[in-house]
Amino acid sequence: MKILLHICCAPCAIYPVQNLRLKGLEAMGFFYKYNIHPYTECIKRQEALESYAEMIDLKVIYQEGYDLESFIQKIVFRESQRCHICYHERLKATALMAKRGKFDCFSTTLLYSKFQKHDEIRSIGEAVGKSADINFYYDDFSKGWQEGVETSKRLGLYRQQYCGCIYSEKERYFK
Ligand code: SF4
């Protein structure tokens with residue numbers, strides 16, 4: 001079974017890819033960029049993923065362009081719902097790409113994070129999957145949290161200090 005896995009960053013991909021392969025699924029990655037700010041940070045995360053993907057022989061589709069503007073326009077005046085909108089944008093793009101590429105299903109490394117809202121991600125994934133006519137694959141990848149952290153440190157992979165958008169960067173550093 002072929003699965004397209006939305007990847008937010010290399011460290012978050014470690015456990016999900018390993019877990020999917022153990023279950024016999026053939027995984028390909030999809031790196032979505034518009035929610036990762038600023039651009040220099042996006043490049044750092046992409047480079048880390050490129051190097052990790054090479055190590056584990058994982059094919060990855062890198063989103064073209066860098067449409068930060070359209071991402072921000074969707075959030076402005078709805079800042080309190082920004083993560084819901086962001087999940088929706090990322091999962092919708094993954095579902096459409098998975099459908100176009102004739103994958104059997106799609107999923108996301110967001111389900112690896114202990115800090116993301118799993119129920120919300122699952123319900124958005126299922127809804128966008130239904131409209132794109134492709135199954136959303138749910139698993140609680142956060143059970144491999146510690147393993148992923150240890151492996152990423154051992155490999156010296158770049159580990160980001162905030163979720164991705166400029167709002168999360170402010171939350172992390174503005175005291
Ligand atoms: S905090 Fe993370 S999930 Fe929420 S909007 Fe920003 S990048 Fe997206």
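Order of appearance sets the numbers: ligands from 1, and atoms from 1 within every ligand. Numbers for residues simply follow the sequence, beginning at 1. Quick note: numbers below take in every heavy atom, side chains included, and nothing from hydrogens, waters or symmetry partners.
- The closest side-chain donor-acceptor pair between H37 and E169, if any, does not fall under 3.5 angstrom.
- Near R82, meaning under 4.0 Å from any of its heavy atoms, are these atoms of ligand 1: 1 (S), 4 (Fe), 5 (S), 6 (Fe).
- Between G125 and F136, the shortest heavy-atom distance links the atoms O-CB, 3.5 Å.
- Nearest to atom 4 (Fe) of ligand 1 among the protein's heavy atoms is C83 SG, 2.4 Å.
- Using a 3.5 Å distance cut-off with no hydrogens or angles, the side chains of Q46 and E50 do pair a donor with an acceptor.
- When hydrogens are left out, the protein atom nearest atom 8 (Fe) of ligand 1 is C86 SG, 2.4 Å; that is the closest non-hydrogen contact.
- Among the atoms of C163, an N, O or S atom is found under 2.8 Å from atom 2 (Fe) of ligand 1.
- The protein non-hydrogen atom at the shortest distance from atom 3 (S) of ligand 1 is R90 NH2, 3.3 Å.
- Looking only at protein heavy atoms, the nearest one to atom 6 (Fe) of ligand 1 is C165 SG, 2.3 Å.
- Heavy-atom minimum distance, K33 versus Y66: O-CE1, 3.5 Å.
- Here the shortest heavy-atom pairing between Y162 and R172 reads CB-CB, 3.9 Å.
- For ligand 1 and S168, the ligand atoms under 4.0 Å from any heavy atom of the residue are 1 (S).
- Not a single heavy atom of E171 sits under 4.0 Å from any atom of ligand 1.
- Judged by distance alone, the side chains of Y15 and Q146 never bring a donor and an acceptor atom under 3.5 Å apart.
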